[in-house]
Amino acid sequence: MKINLLSCDAQRPDKRAIAKCIVEISSNINDSLANELTDILLEGDPVDIEMEDKNSGSALRALRKLSIDYEIVE
């Protein structure tokens, strides 16, 4: 499943927690790429990631918990 991470509405976003979440829910992203994607997201640009379908429910809950807005592409 592909999702677009659109924005983070948290008062004080936790960059480390967001990067860790991206690594955990994505199917092919390592730590350094997750850090770059987190910076891009926090600057206000959307980020595309590929997610494994089997973890989609818990992954989407984790994104909502971090105040990350997303849209499901596929």
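The CG atom of Asp31 lies 11.5 Å from the CD atom of Glu36; values are rounded to the nearest 0.5 Å. Separating the CD1 atom in Ile18 from the CG atom in Leu5 is a distance of 9.5 Å, to the nearest 0.5 Å. Between atom SG of residue Cys21 and atom CG of residue Leu66 there is a gap of 5.0 Å, rounded to the nearest 0.5 Å. Taking OG of Ser26 as the start and CG of Leu33 as the end, the distance is 8.0 Å to the nearest 0.5 Å.
Each side chain to side chain donor-acceptor pair (under 3.5 Å) pair with one or both residues in residues 2-15, not counting sequence neighbours, appears once here: Asn4-Glu71, Ser7-Asp69, Lys15-Asp39.
Ile68 and Val23 are members of different hydrophobic clusters when ILVMFWY side chains are connected at heavy-atom separations under 4.5 Å. Two different hydrophobic clusters hold Ile49 and Val73 under the rule that ILVMFWY side chains link at heavy-atom gaps under 4.5 Å. Hydrophobic clustering places Ile3 together with Ile40 (ILVMFWY residues linked when any side-chain heavy atoms are closer than 4.5 Å, directly or through intermediates). Hydrophobic clustering, with ILVMFWY side chains joined whenever heavy atoms are under 4.5 angstrom apart, keeps Leu6 apart from Ile22.
Across all their heavy atoms, Ser56 and Met1 have their closest contact at CB-CE, 3.2 Å. The minimum heavy-atom distance between Ala34 and Ile29, with the atom names listed, is N-CG2, 3.6 Å.
Surrounding CZ of Arg64 are more than 12 heavy atoms belonging to other residues, nucleotides or ligands, all under 6.0 Å away.
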